[in-house]
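In what follows, residues are counted from 1 in the order of the sequence shown.
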Amino acid sequence: MFSSLAAWLINKAGRYFEQPQEYDDPNAVISKILSELRSFGGTADFPPSKLKAGYGEQVCYVLDFLAEKALKHIDFTWNRPTYPSEELEEEVVGEDDAELTLNKIEDEIVEEDSDNDEEQFIDLNVLKAQTSKLSAESSKPAEILESNTDAAEWYLEVERVLPQLKVTVRTDNKDWRAHVDQMHQHRDGMETSLGETKGYLDKLHSEVSKTLEKVTSREKYINSQLDPLIQEYRAAQAQLSELKEQHQQVTEKVTEKTQILSELNEDLEKVKQEIEEKGSSITDGAPLVKMKQALTKLKQENIQMDIRIGVVEHALLQSKLKEKSNMTRDMHAAVIPESSIDY
């Protein structure tokens with residue numbers, strides 16, 4: 001998708017770019033896109049492998065750059081936005097649910113009586129009728145009325161009936177008046193808490209500033225007292241660094257000398273071994289015995305060689321004698337026939 005979109009943008013920018021196919025080499029396609037990007041004047045300071053995935057920051061950068069070049073090539077200009085004219089509708093002012101009316105209170109009381117039997121509320125219409133009836137009856141008293149009830153019993157009855165005489169009005173949480181009341185309550189709470197905490201914060205600020213002044217004065221005093229010690233410490237530190245350098249140089253020399261000493265010890269060991277071998281060879285009589293044995297063996301071999309030489313000479317002499325006799329025999333045989341032919 002990225003390569004197809006980049007090829008379309010390059011063609012829109014005025015450069016011919018062949019649309020990549022499904023089986024094309026992705027590395028070759030990406031290298032062509034980057035070369036076209038550089039020819040447009042863009043910079044590609046990221047590896048080409050970042051564009052293989054088809055998503056990421058580098059892909060967005062390439063597409064944004066090519067889109068800008070394409071828009072410039074086709075002379076595209078942005079027009080000012082036109083906003084549609086909206087007709088103002090008249091707000092329908094409905095009945096405000098938050099206004100407390102007697103009818104609504106009566107309806108809510110009736111609904112709550114039907115939903116929840118545990119909570120009992122007084123019906124205002126019935127109460128109004130009863131009060132009107134009582135007022136009508138008591139408008140023309142026949143005689144002076146006197147109460148025969150006990151005050152304690154009347155007080156207990158009032159406490160028993162008092163929860164039933166309460167009228168509760170449930171307010172809607174979405175009402176803006178409730179939000180305004182909450183805002184006023186929160187503001188009053190913030191003002192009261194701010195008034196309480198401001199004194200503590202001022203006191204804390206003064207204490208912190210005093211402690212900071214004390215700390216700065218003590219720091220200055222300590223610095224003034226420790227200046228000579230700091231100078232001595234710096235001098236000692238410089239001397240320590242020099243001694244460390246000298247120690248390092250001495251250790252390097254010691255290592256060189258130890259290497260030379262080890263080489264000399266090896267040479268000394270070799271010389272000692274040679275001396276021991278020569279001394280053992282001089283004092284040992286085994287070589288003389290070996291030489292005597294070799295001489296006796298040579299004498300025996302000489303005797304055997306003499307015997308063999310004698311046998312060979314004897315055989316050679318016999319062969320010579322045989323040849324000589326054969327030659328004389330042949331000569332006599334040749335002379336006898338010649339004499340017989342003369343006769």
Please round to the nearest 0.5 Å and tell me the distance separating atom CD1 of Ile10 and atom OG of Ser39. 7.5 Å
At what distance, to the nearest 0.5 angstrom, does OG of Ser319 lie from NZ of Lys324? 13.0 Å
I need the Leu66 CG to Leu71 CG distance, nearest 0.5 Å. 11.0 Å
How about Glu157 and Glu153: do any of their side-chain heavy atoms sit closer than 4.5 Å? no
From CA spacing to verdict: side-chain hydrogen bond (donor to acceptor under 3.5 Å, both in side chains), Gln182, His186: CA-CA 6 Å; Gln182 289 180 0; His186 290 310; 5.0 Å; no
The test is salt bridge (charged side-chain N to carboxylate O under 4.0 Å, His left out); show your working for Lys320 and Glu323 and say whether it passes. CA-CA 5 Å; Lys320 286 181 178 181; Glu323 287 179 358; over 6 Å; no
Within 6.0 angstrom of Arg308 CZ, more than 12 heavy atoms from elsewhere: no
Spatial distance of atom CG (Asp306) from atom CD (Glu313) [nearest 0.5 Å]: 9.5 Å
Is any side-chain heavy atom of His332 less than 4.5 Å from a side-chain heavy atom of Arg329? no
Quick check: are there more than 12 heavy atoms from other residues, nucleotides or ligands sitting under 6.0 Å from CD of Gln239? no
Beyond-backbone contact of Leu229 with Leu226, side-chain heavy atoms, under 4.5 angstrom: yes
Is there a donor-acceptor contact under 3.5 Å from the side chain of Asn265 to the main chain of Leu261? yes
To the nearest 0.5 Å, what is the distance between CD (Glu68) and CG (Leu63)? 11.5 Å
So CD of Glu252 and NE2 of His247: to nearest 0.5 Å the spacing works out to 11.0 Å
What do you reckon, is CD of Glu57 surrounded by more than 12 foreign heavy atoms closer than 6.0 Å? no
Between Lys210 and Glu207, does any side-chain N to carboxylate O distance fall below 4.0 Å? no
